[in-house]
Amino acid sequence: MKHILVKKIATTIVFVLAVATTWLVSAKDINQTELQQIMKNDKQVILLDVRTVEEFEEGHIPNAVNIPHKELEARLAELTGAKNTQVVIYCRSGRRAEVAREVLVKNGFNELDHLSGDFNEWSSNNLPIIKVK
C-alpha cells in the first residue's frame with residue numbers, strides 16, 4: 001500500500017514538473033520589426049520555417065532553415081547545438097509553428113520565439129523574400 005502511494009506521488013510530481021517546464025519555455029511572439037532587428041544585428045539566431053518544401057521554395061524569409069513540421073522530430077540532429085540558441089519559428093499562419101514549438105520544447109530547446117503573423121504577414125508587408133522556384 002505504501003509503495004503504491006509513493007508511486008502515485010512521484011508520478012504526480014513528474015507530471016507537474018513537465019507541465020511547468022512546458023509553460024516556462026513557451027515561445028513568445030516577436031513581430032516582423034523585431035525579427036528584422038535581430039537579423040540586422042547579426043545576432044546568432046535560427047530562423048526555422050516549418051512549412052512544406054514546396055511552400056519554402058515558393059518564397060521564404062532570407063536565411064531561414066526549412067524543416068517541415070511533420071519531419072522535425074526525425075530531423076532534430078540538423079539543429080544540433082541549437083538548444084540554447086534563439087530559434088524563431090514560423091509557418092504560413094501559425095498552426096504548424098505551434099506543433100513545431102511543442103516538439104522543440106519536448107526535446108530540450110529553451111530559447112524559442114514565434115514570428116507573429118507568420119509568413120502571411122511577412123509577405124503581405126512586402127518584406128524580403130527568397131524564391132527558389
Side-chain angles (χ1 to χ4, degrees):
M1 180 78 160
K2 193 175 185 180
H3 176 69
I4 293 171
L5 181 60
V6 170
K7 190 173 181 179
K8 284 184 180 183
I9 291 171
T11 302
T12 302
I13 289 171
V14 168
F15 176 75
V16 168
L17 288 174
V19 169
T21 301
T22 300
W23 178 76
L24 288 172
V25 182
S26 64
K28 73 178 190 320
D29 281 345
I30 63 170
N31 63 39
Q32 281 76 25
T33 304
E34 290 170 311
L35 178 57
Q36 287 178 306
Q37 192 63 43
I38 290 167
M39 293 164 66
K40 184 175 155 183
N41 291 338
D42 291 327
K43 181 180 174 195
Q44 184 172 359
V45 63
I46 294 172
L47 185 55
L48 182 60
D49 184 324
V50 296
R51 298 175 302 148
T52 65
V53 172
E54 295 78 19
E55 289 173 297
F56 183 80
E57 290 176 347
E58 289 171 2
H60 60 273
I61 299 172
N63 300 316
V65 174
N66 180 231
I67 303 178
H69 79 288
K70 289 182 178 181
E71 300 173 15
L72 185 57
E73 190 128 35
R75 294 177 56 187
L76 282 172
E78 294 175 39
L79 299 173
T80 300
K83 287 188 177 184
N84 295 311
T85 300
Q86 182 180 12
V87 177
V88 178
I89 309 164
Y90 76 91
C91 63
R92 183 179 51 83
S93 63
R95 185 188 62 76
R96 292 176 283 181
E98 176 57 25
V99 171
R101 184 203 64 81
E102 290 173 7
V103 169
L104 294 172
V105 166
K106 183 176 85 173
N107 285 281
F109 288 79
N110 55 32
E111 287 195 45
L112 302 173
D113 292 316
H114 168 251
L115 178 62
S116 63
D118 295 273
F119 189 74
N120 280 347
E121 189 171 322
W122 184 273
S123 60
S124 70
N125 287 332
N126 296 313
L127 295 169
I129 295 173
I130 304 291
K131 294 184 179 187
V132 178
K133 286 185 176 180

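Rounding to the nearest 0.5 Å gives a distance of 11.0 Å between CG of L112 and CD1 of I30. Separation of atoms CD1 (I89) and CG (L104) is listed at 5.0 Å; rounding is to 0.5 Å. Rounding to the nearest 0.5 Å gives a distance of 10.5 Å between CD of Q44 and CG of N84. Annotation: the span from E57 atom CD to K131 atom NZ amounts to 13.0 Å, rounded to 0.5 Å. In this structure, the separation between CG on D113 and CG on L47 is 11.0 Å, given to the nearest 0.5 Å.
When all heavy atoms are compared, the tightest approach of G94 to C91 is N-SG, 2.9 Å. Listed here is the closest heavy atom pair of P128 and Q36: CD-NE2, 4.3 Å. In this structure, G59 and F119 approach most closely via the heavy-atom pair O-CZ, 3.3 Å.
Sequence neighbours left out, the pairs with a member in residues 115-125 that pass side-chain hydrogen bond (donor to acceptor under 3.5 Å, both in side chains) are H114-D118.
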Identify each donor-acceptor pair in which a side-chain atom of residues 65-72 lies under 3.5 Å from a protein atom, sequence neighbours left out, and give them as a table.
from: N66; atom 1: ND2; to: D49; atom 2: O; distance (Å): 3.1
from: N66; atom 1: ND2; to: R51; atom 2: O; distance (Å): 3.0
from: E71; atom 1: OE1; to: R75; atom 2: NH1; distance (Å): 2.6

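Side chain of Y90 to backbone of A64: no donor-acceptor contact under 3.5 angstrom is found.
For E98, the side chain to side chain donor-acceptor pair (under 3.5 Å) criterion is met by R101, not counting sequence neighbours. With sequence neighbours left out, K83 forms a side chain to side chain donor-acceptor pair (under 3.5 Å) with no residue at all. Shown here are the salt bridge (Lys or Arg N to Asp or Glu O under 4.0 Å) partners of E73, two or more places apart in sequence or in another chain: K106.
Note: the hydrophobic cluster containing L35 does not contain I130 (ILVMFWY, side chain heavy atoms under 4.5 Å, direct or indirect links). No continuous path of ILVMFWY side-chain contacts below 4.5 Å connects V99 to V87, so the two sit in separate hydrophobic clusters. Each of I129 and V53 belongs to its own hydrophobic cluster when Ile, Leu, Val, Met, Phe, Trp and Tyr are linked at side-chain heavy-atom distances under 4.5 angstrom.
Remark: E55 engages R96 in a salt bridge, criterion side-chain N to carboxylate O under 4.0 Å.
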Could you please spell out the steps behind the side-chain contact (heavy atoms from CB on, under 4.5 Å) verdict for E111 and T85?
CA-CA 6 Å; E111 287 195 45; T85 300; over 6 Å; no
